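Working notes, structure below.
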2 protein chains.
Amino acid sequence: MPAPSSRTGGTSHTGRSRTAVAARSTAGTRDERKLRTRRSLLDAALELLSGERSFSSLSLREVTRSAGVVPAAFYRHFPDMEALGLVLVEESFTTLRELMREARSAPLPPSHLVRRSIATFLGYVEEHPLHFRFIAKERYGGSTTLRFAIRSEIRLWVSDLAVDLARFPNLRAVSTDDLQLVSGLVVQAVVHATELTLDLDPADERERAQVRFQAERQLLMILLGAAAWQTERPSTRA
Amino acid sequence: MPAPSSRTGGTSHTGRSRTAVAARSTAGTRDERKLRTRRSLLDAALELLSGERSFSSLSLREVTRSAGVVPAAFYRHFPDMEALGLVLVEESFTTLRELMREARSAPLPPSHLVRRSIATFLGYVEEHPLHFRFIAKERYGGSTTLRFAIRSEIRLWVSDLAVDLARFPNLRAVSTDDLQLVSGLVVQAVVHATELTLDLDPADERERAQVRFQAERQLLMILLGAAAWQTERPSTRA
DNA sequence: CATCCTAGTGAACGACTGTTGACTAGATCC
DNA sequence: GGATCTAGTCAACAGTCGTTCACTAGGATG
């Protein structure tokens, strides 16, 4: 039962068949329309990536087809599929970092800050599953360009976290370098948990809660280890 | 300057151009020859995967071409590219687990066991970079089948490690479940470090050493946290 | 109003893809 | 030593791919 193609009203365009994600309307200024098409290309790619597909196996034609646009139109917006991928990386992390910055700006004691940050992060992941699924898949698997872009964004994020950790009274004595290592571990654990989450049945709240619970325990262990770090270090290594 | 095709002596076959990884010789029983072709298919895939390519973007024809075989011949060995992928997963981990089992069987005090295990693991990675590169890339990115196969192998590995950790005197009081979490963290850190290594310049020993050093520090932190776990837990969580 | 500008179209290209079926040469088996 | 079995070949198929080009419709601009 194919739905009638008059969803957005408008000028009815042509009678062409559209599998489009977001049927672009004919409203707005020219720049706005262009931007809208660009967005629907990005969204189409994101949507296609939400399934099995990896970015490198995604074809330009698929993206344009799913965005309701002719293949050649792609080149009006991106020179390359890789360019589109880089935009996806960028917008994934800018959104994330904004949110995390908000979360940290709250006037709370440090211990609550971590929990608050975790909650914010998980909230972000649940609200933008497509972006994060993309990141998770391409972090190690993508092209060198994509992989390095993601890696450098994650490094920024790790540094942000390290700054927060520095405020913890019981981490006061840990050196800056070691704090980076600690927050690296934290980010790893969180990202890994998220990647597990992405393969879970979205309805099964019990399983989700378990993954979250285990991740929290792991974080506590890491922080505990970090707190014990400066006191025990001399004995474990020269 | 194309090399003469008489490398393996033999019947000179045909004058056909071969980009083959391992030019299959005509020696041996029929089963042996079949096995040899199968191997060259697997090796060809592995080799192609060593670069940018992800498994899902790898074509059947590429593999056969690079193995020096006609595309149709592929089906005499695997029904599917995915089937080939699963074989790669399996053989990656069986090799690894054998080595790790050897490493653990050495009669050493627990503390040395960990260091020994890490050395063994890194040795494996350096000797079988192609297998591990494949695993690293497909752990999150591959098809569901591949991803789950890898994940379950890693789970086995985590469990093995947890058994070892249980022998540590200062982890005596940590529950079995929590030990799984600890070894999960350890494996995460190691795998991540390895994945970083894969992008490094193989010649730059300084950079490699740094990654390895950081990973070791991270492991020590984790183990420290685990050791402090049972003593502090009551105060951090109900 | 006429002019320019450009996002999107449509058709075509050469190359590559997975899969098929009939075949052949040569090891294996009785 | 003749029949059998099969790994690998060859040719062909219907698709899909990225990229190009000349084009057009219709908003932007003077």
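Sequence lines set the chain letters: A, B, ... in the order given, protein chains first and strands last, and positions in each chain run from 1. Values reported hereafter were calculated over all heavy atoms of this structure, with side chains retained and with hydrogens, waters and symmetry mates removed. Keep in mind that this is a model prediction, so the values were computed, not measured.
Counting to the nearest Å, the P atom of D/dA28 and the CZ atom of A/Arg33 are 9 Å from each other. The distance between atom CG of B/Leu41 and atom C1' of D/dA7, rounded to the nearest whole Å, is 12 Å. As a whole-Å value, the separation of A/Arg65 CZ from D/dG18 C1' is 13 Å. Atom pair A/Tyr75:OH and D/dA22:C1' shows a separation of 17 Å (rounding to whole Å applied). Rounding to whole angstrom units, CG of residue B/Leu60 and C1' of C/dT20 are separated by 13 Å. Rounded to whole Å, the distance from CZ on A/Arg61 to P on C/dA11 is 13 Å. Between A/Phe74 atom CZ and D/dC17 atom C1' there is a gap of 14 Å when expressed in whole angstrom units. A straight line from CE of B/Met81 to C1' of C/dT19 spans 15 Å, rounded to a whole angstrom.
Which of D/dT9, D/dG26, C/dG8 sits closest to the side chain of A/Arg76 comes down to C/dG8. Counting only heavy atoms from C-beta on, A/Arg30 has its side chain closest to D/dA28 among C/dT9, D/dA28, D/dC17. With D/dA22, D/dT9, D/dA7 as the choices, the nucleotide that has an atom nearest any side-chain atom of B/Ala73 turns out to be D/dT9. Of the candidate nucleotides D/dC17, C/dA7, C/dG18, C/dA7 has the atom nearest to the side chain of A/Lys34.
Between B/Thr29 and B/Glu62, the residue anchored nearer the 5' end of DNA chain C, judged by the nucleotide with its closest heavy atom, is B/Glu62. A residue-by-residue look at B/Leu58 and A/Ala72 shows that A/Ala72 has its nearest nucleotide of DNA chain C further toward the 5' end.
An OP1 or OP2 oxygen of D/dT16 is reached within less than 4.0 angstrom by no side-chain nitrogen or oxygen of A/Ser59. Between A/Arg38 and C/dG8 there is no side-chain N or O to OP1 or OP2 distance below 4.0 Å.
Two residues are said to be in side-chain contact when any heavy atoms from C-beta on lie closer than 4.5 Å; B/Leu42 and B/Phe78 meet this criterion.
A side-chain donor from one of B/Thr145 and B/Glu82 sits under 3.5 Å from a side-chain acceptor of the other. With 3.5 Å as the limit, one finds no donor-acceptor pair spanning the side chains of A/Ser66 and A/Glu47. For the residue pair B/Glu52 and A/Thr144, a side-chain donor N or O sits within less than 3.5 Å of a side-chain acceptor on the partner.
Ion pair B/Arg53/B/Glu62 flagged as a salt bridge, since at least one NZ, NE, NH1 or NH2 atom sits closer than 4.0 Å to an Asp/Glu carboxylate oxygen.
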